[in-house]
Structures are given as structure tokens and as C-alpha cells.
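In what follows, a single structure is set out as C-alpha cells and then discussed.
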Amino acid sequence: MKLPTKVKLVDVGPRDGLQNEKEPVPAEVKIRLVHMLQDAGLKEIEVTSFVSPKWVPQMGDNAEVMAGIHRKPGVRYSVLVPNMKGLEAALASKPDEIVVFGAASEAFSQKNINCSIAESIERFAPVVEGARAKGIYVRGAISTTVGCPYEGDIAPSRVELVAKLMKEIGVQHIGVADTIGVGTPKKVQAAMEAALKHYAIDDVSGHFHDTYGQALVNTMACLEMGIWQFDSSVAGLGGCPYAKGATGNVATEDVVYMLQGLGVDTGIDLDKLIDAGKYISDFLQRKPNSRAATALLNKRAG
Ligand SMILES: CC(C)(COP(=O)([O-])OP(=O)([O-])OC[C@H]1O[C@@H](n2cnc3c(N)ncnc32)[C@H](O)[C@@H]1OP(=O)([O-])[O-])[C@@H](O)C(=O)NCCC(=O)NCCSC(=O)C[C@@](C)(O)CC(=O)[O-]
């Protein structure tokens with residue numbers, strides 16, 4: 001089995017991880033979490049989203065959080081942007097990367113961003129153009145690539161179509177998301193193959209929620225295809241407000257532990273990462289949702 005020799009993890013904890021929290025998480029806590037993640041060696045952090053605060057109140061402090069970060073050289077800071085209003089606000093906070101986010105399912109597109117897939121592409125086109133004109137890298141996330149909470153199974157052809165549409169408007173990288181964590185390895189590989197019809201292997205990443213405990217094995221299935229970029233969330237935080245019942249992303253700690261065991265370089269210090277996960281979990285008054293973090297914290301406690 002030939003695996004990639006290095007893997008890039010984007011920690012989406014501060015954004016995807018916290019967006020669904022009911023109680024407000026103060027900006028200073030989010031900023032400290034970002035600082036702990038960068039100190040642990042994360043090279044890209046998805047910090048926040050410039051969406052409507054009526055839709056996702058938890059991200060209403062986007063500008064404050066971005067302004068409060070002491071940026072570390074070599075670390076990229078990305079933010080979600082759904083439309084031109086979001087882009088204008090995001091540009092002021094100088095992200096390295098923006099993420100436009102669509103879906104392979106019509107129903108999810110309507111619930112999440114209040115428009116059809118075709119309308120979303122029309123909205124994204126000037127966003128992509130505006131960001132790229134400023135030299136900002138544009139990633140596209142495709143939600144519900146395996147299953148949708150409203151439509152059920154999603155065929156790979158639907159993923160391929162959205163990847164094609166995103167490519168046509170200049171999106172530079174595609175994140176293939178299993179929003180509700182229903183995927184199993186072959187289904188996830190099929191969704192990835194659909195995206196790879198329009199994007200090179202270096203421009204595709206995986207974003208797996210862990211609802212059914214499949215996220216790590218799905219990550220492995222992608223590694224076997226040569227995919228080397230993944231989103232993950234410290235302490236397994238998160239979930240999408242418009243995907244009821246779905247749990248957080250695969251825990252960054254679990255992915256790092258697996259990759260260390262496989263001899264694949266991530267540049268991440270697992271001990272420091274566990275500290276970051278413990279910090280935010282303590283704040284939220286719960287245990288980290290990571291098997292590796294739990295085991296290593298138990299070991300630390302003796
Ligand atoms: C897309 C919209 C804005 C459309 O929402 P809309 O209501 O159709 O938008 P609108 O253009 O009609 O505007 C309505 C109001 O929102 C305001 N507004 C409009 N845009 C913005 C903006 N950018 N920033 C701040 N305010 C904004 C706008 O100014 C107006 O304010 P009002 O006049 O009523 O006072 C809305 O549906 C929305 O914000 N949705 C966000 C949903 C979201 O954040 N979901 C979670 C992130 S996606 C995710 O988690 C999945 C992912 C990426 O992780 C991958 C996976 O796992 O699947």
C-alpha cells in the first residue's frame with residue numbers, strides 16, 4: 001500500500017466546530033483556540049464564517065475573531081463566504097483563503113444557503129472573481145456528497161456536476177464533504193472520484209463527519225487513493241446547524257494519531273493538540289470527542 005508521505009490537515013474546529021454551539025462562545029476563547037492550534041503545528045485553520053448572523057449567530061463575531069489573531073508566519077487562515085456581502089466583510093479581515101460552500105443535494109442547498117444549486121453557483125461566481133482578483137485562494141466545499149438529511153443517498157454524478165460548475169467559475173480546490181457522516185469507504189471513494197474528474201489530486205480534500213464512526217476509515221480510504229488533504233476538528237467538535245443529528249468532524253487528534261502510526265508526516269505536535277482540545281472542551285464543559293485524546297489524557301493522569 002502506497003500512502004502519501006505528507007498530509008495537510010485543516011482544523012475547522014473554530015468554525016465548523018463551534019458554529020452549532022447554542023451558548024455564545026466569547027471571541028477571546030475562539031482566538032485562544034486558534035493560537036493553541038497554530039502552536040500545535042496546524043498550518044491551516046478555518047477560523048470563522050462571514051454568513052448572516054441571523055442564520056448562524058455563533059459566527060457573528062467573525063471580524064473580531066479575525067482581528068484578534070496573532071498570525072503566525074506559514075499558517076493560513078480561511079473563512080467561509082456565501083455571497084458578495086460576506087466577501088466584502090471578509091476582505092476587511094484579510095483571510096488567506098475563502099471557502100464558498102454549496103451542496104450536491106438541492107434540498108440541502110435550500111436549507112443551508114436558501115437557494116438552489118444553480119443559484120448558488122451564480123452567487124459564487126462574482127465572489128470567486130473578487131477574491132482571486134485580490135490574490136486570495138478560493139476553496140469550494142461541496143456538502144452532502146454521500147448522503148443528505150432531506151434527500152437520502154446522493155449519486156456521485158451529482159457531486160461531479162457541482163465540481164464541474166465550481167471549476168467553471170474558477171474555484172481552485174474542492175472539499176468533498178460527508179456532512180452527515182453516513183459514508184462508508186467505497187461510497188466516499190466514489191464521491192472523491194467524481195470530484196477528481198474535474199480537479200487534480202492536489203486540489204481535492206476530504207471533510208468527514210463522524211456520525212456513524214466511519215470518518216477515520218473514510219480518511220484511510222482516501223489516503224489509499226493518494227488524497228493528502230483533509231479537514232478535521234480539534235476534539236471532534238461540531239456539526240452543521242442545517243444537518244440535524246449529525247455529529248462533529250473527525251477529531252484532529254485521532255487523524256494525527258493514525259498518521260503518526262502510519263509514519264506519515266503532519267508537522268503536528270500531538271501533545272499540544274491535545275492541550276488545545278482539552279482547553280475548548282473544558283470551556284464547553286464536556287469531554288473531548290476523540291478516542292486518542294481520551295486515551296492520552298487518561299495516560300497523562302496516570
Ligand atoms: C447565504 C445566506 C446569507 C442567504 O440568506 P438569505 O436570507 O437568502 O439572504 P438575503 O441576501 O436575502 O439577506 C437576508 C439578510 O441577511 C443579511 N445577509 C446576507 N448575507 C449576509 C452575510 N454574508 N453576512 C451578514 N449578513 C448577511 C442581509 O443583509 C439581510 O439582512 P436584513 O436586511 O434582513 O437585515 C444565509 O442562508 C446564510 O447565512 N447561510 C449560512 C448557513 C451556514 O453558515 N451554514 C453552515 C456552514 S456550511 C457547513 O457547515 C458545511 C461544511 C462547509 O462544513 C461542509 C459540510 O460538512 O457539509
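Counting starts at 1 for both ligands and their atoms, following the listed order.
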What do you think, any protein heavy atom under 4.0 angstrom from atom 44 (O) of ligand 1? yes
How does Val12 reach ligand 1, if at all, at less than 4.0 Å between non-hydrogen atoms: by side chain, backbone, both, or neither? neither
Does the protein put a heavy atom less than 4.0 Å from atom 49 (C) of ligand 1? yes
Could you identify the single nearest non-hydrogen protein atom to atom 21 (C) of ligand 1 and state the distance to 0.1 Å? Lys85 CD, 3.7 Å
On the ring face of Phe50, is Lys85 found with NZ or CZ under 6.0 Å from the centre and within 45° of the axis? no
On the ring face of Phe230, is Lys8 found with NZ or CZ under 6.0 Å from the centre and within 45° of the axis? no
Might you check, step by step, whether the distance between atom 9 (O) of ligand 1 and some protein heavy atom is under 4.0 Å? no
State, without any angle test, whether Gln19 and Asp16 hold a side-chain donor-acceptor pair at a distance under 3.5 Å. yes
Examine the proximity of ligand 1 to Val51 and report which part, side chain or backbone, both or neither, has a heavy atom under 4.0 Å away. both
Among all protein heavy atoms, pick the one closest to atom 46 (C) of ligand 1 and tell me residue, atom and distance. Gln19 OE1, 3.5 Å
Which is it for Asn112 and ligand 1 at heavy atoms under 4.0 Å: side chain, backbone, both or neither? both
Taking non-hydrogen atoms only, is Pro82 closer than 4.0 angstrom to ligand 1 via side chain, backbone, both or neither? side chain
Would you check if there is a donor-acceptor pair between the side chains of Gln110 and Ser116 at a distance under 3.5 Å? no
Please state which protein non-hydrogen atom is closest to atom 2 (C) of ligand 1 and give its distance, to 0.1 Å? Ile113 O, 4.3 Å
Please report which non-hydrogen protein atom sits nearest to atom 30 (C) of ligand 1, along with the residue it belongs to and the distance in Å to one decimal place. Lys54 NZ, 5.0 Å
Is atom 14 (C) of ligand 1 close to the protein, meaning a heavy atom under 4.0 Å from it? no
If you measure only the distance, is there a donor-acceptor pair under 3.5 Å linking the side chains of Asp202 and Trp228? yes
Ligand 1-proximal atoms of Ser52, by part, heavy-atom distance under 4.0 Å: both
So, Gln58 versus Lys30: side-chain donor-acceptor pair below 3.5 Å or not? yes
Relative to ligand 1, is Lys111 under 4.0 angstrom through side chain, backbone, both or neither, heavy atoms considered? neither
Say whether His209 and Thr179, considering side chains only, have a donor N or O and an acceptor N or O under 3.5 Å apart. no
Polar contact flag, side-chain donor to acceptor under 3.5 angstrom, His207-Asn249: yes
Is the contact between Met59 and ligand 1 made by the side chain, the backbone, both, or neither, using heavy atoms and a 4.0 Å cut-off? neither
May I ask you to identify, for Thr179, whether its side chain, its backbone, both or neither come under 4.0 Å of ligand 1 on a heavy-atom basis? both
Can you confirm whether some protein heavy atom lies under 4.0 Å from atom 57 (O) of ligand 1, or whether none does? yes
Atom 11 (O) of ligand 1 has as its nearest protein heavy atom Asn83 ND2, 4.7 Å
